[in-house]
**Student:** 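I have a structure here, written as structure tokens, and I will follow up with some questions on it.
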Amino acid sequence: MSKTILVIAEHSDGKLRQVSYEAIQAAKLCTKKGDNIHIAILGYQITELANSISDESIEKIYVMDHPDLEQYNPESYVAGVNQLVELSSPEGIVLGHTAIGRDLAPIISASHDAGQISDVIKIETLENEVLFTRPIYAGKAFETKKFCSTPWVLTIRPNNIDTIEIKNGSIAIEKVEYSNPISLRATIQQVVRNTSGKVDLSEAKIVVAGGRGVKSQEGFKPLQELADLLGGAVGASRGACDADYCDYSLQIGQTGKVVTPEIYIACGISGAIQHVAGMSQSKVIIAINKDRDAPIFKIADFGIVGDLFTVVPMLTEEFKQVLA
Ligand code: FAD
């Protein structure tokens with residue numbers, strides 16, 4: 001019998017987020033020929049977004065457009081998603097392991113008495129089973145799990161599952177009226193962005209992160225210049241945030257963001273276990289530190305022993321030449 005997987009797509013600034021395309025790929029890995037993938041896009045004035053998805057695996061895109069869905073609000077989003085789950089009757093629901101996904105997924109699981117596997121970084125098919133791998137103990141070990149019942153809910157960590165090609169398409173779009181607006185117990189009055197970065201840190205392919213070794217707010221400027229040149233984002237250790245060199249929204253680690261970029265450049269970061277928990281899954285780690293015994297070198301693929309204020313501008317100049 002064929003099955004359906006429903007992907008809850010996220011968007012920001014009028015575009016689908018990269019992790020939404022990765023979630024579609026994750027859904028594809030959970031399906032066989034003849035199965036269906038449905039996409040759900042919830043928001044306000046977002047109908048156009050449905051045109052930015054094209055893949056032969058997708059049967060239908062549900063668009064739910066309502067002012068109550070303009071900002072993420074768990075109450076309205078759960079009501080909307082549950083309405084779409086009823087329409088789609090999926091065996092599985094896939095979300096990004098993002099701030100929204102982490103909040104929404106357990107509520108949806110609880111509503112449908114579904115099993116949940118979170119923060120998945122790898123999906124494999126073995127004979128007739130689909131296996132999901134996720135890091136545990138702050139990335140020190142991995143566990144592989146499978147679902148034993150349906151429905152199920154999955155969240156995938158950004159930047160780990162390949163993405164489907166991002167292109168415009170013409171997939172059947174079903175506009176669904178948000179039919180039962182509930183009386184919200186809390187509403188969002190205003191969202192004030194506290195980040196200046198052009199690239200979302202949790203989805204960035206390249207992260208240039210600074211630690212206490214950066215020494216000041218001014219010290220982050222060369223890091224920002226390198227990140228801008230490479231189309232990446234700036235991150236930080238808690239040491240740098242605590243010292244007020246940068247905003248806490250940049251903090252990476254156990255109590256900050258988890259990032260898995262292609263390249264992570266750690267500048268003046270010692271490599272404390274709590275920091276490593278947030279970046280150890282990066283594909284290539286480059287560490288710049290003037291202390292050759294700094295623990296960050298133990299997990300680095302490339303280490304540069306030196307003063308970051310000399311090395312980072314040198315790297316920027318080299319990349320400028322290469323990219324010219
Ligand atoms: P330091 O450890 O002070 O290291 C600075 C490094 O910069 C040193 O290695 C030094 O050699 C190098 N350096 C100095 N000057 C230069 C220079 N000119 N050029 C090159 N290198 C230079 N930390 C996080 O990052 N994220 C978290 O989420 C997090 N959560 C935590 C949760 C808990 C419960 C606790 C207890 C701690 C947490 N921490 C977290 C803090 C963590 O333990 C470390 O204190 C912190 O990561 C240290 O930051 P740092 O590496 O920038 O600073």
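Each ligand, and each atom within it, is numbered from 1 in the order the structure gives. Reckoned from all heavy atoms, side chains included, excluding hydrogens, waters and symmetry mates.
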**Student:** Verify whether the ring centers belonging to H66 and Y44 lie closer than 6.0 Å.
**Tutor:** no
**Student:** Is K283 salt-bridged to D301, going by a charged N under 4.0 Å from an acidic O?
**Tutor:** no
**Student:** My understanding is that only one of V94, I117, V130 makes a side-chain contact (heavy atoms from CB on, under 4.5 Å) with W152; could you say which?
**Tutor:** V94
**Student:** Which distance, rounded to the nearest 0.5 Å, do you find between the CD of E317 and the CG of L229?
**Tutor:** 9.0 Å
**Student:** Can you check side-chain contact (heavy atoms from CB on, under 4.5 Å) on M64 and Q83, steps first, answer last?
**Tutor:** CA-CA 10 Å; M64 191 176 261; Q83 206 184 315; 3.5 Å; yes
**Student:** Taking atom CZ of F142 as the centre, report whether more than 12 heavy atoms of other residues, nucleotides or ligands fall under 6.0 Å from it.
**Tutor:** yes
**Student:** I'd like the contact residues of ligand 1, where contact means a heavy atom below 4.0 Å.
**Tutor:** G211, R212, G213, K215, S237, R238, G239, Q251, I252, G253, Q254, T255, G256, G268, I269, S270, A272, Q274, H275, N289, K290, D291, G306, D307, L308, F309
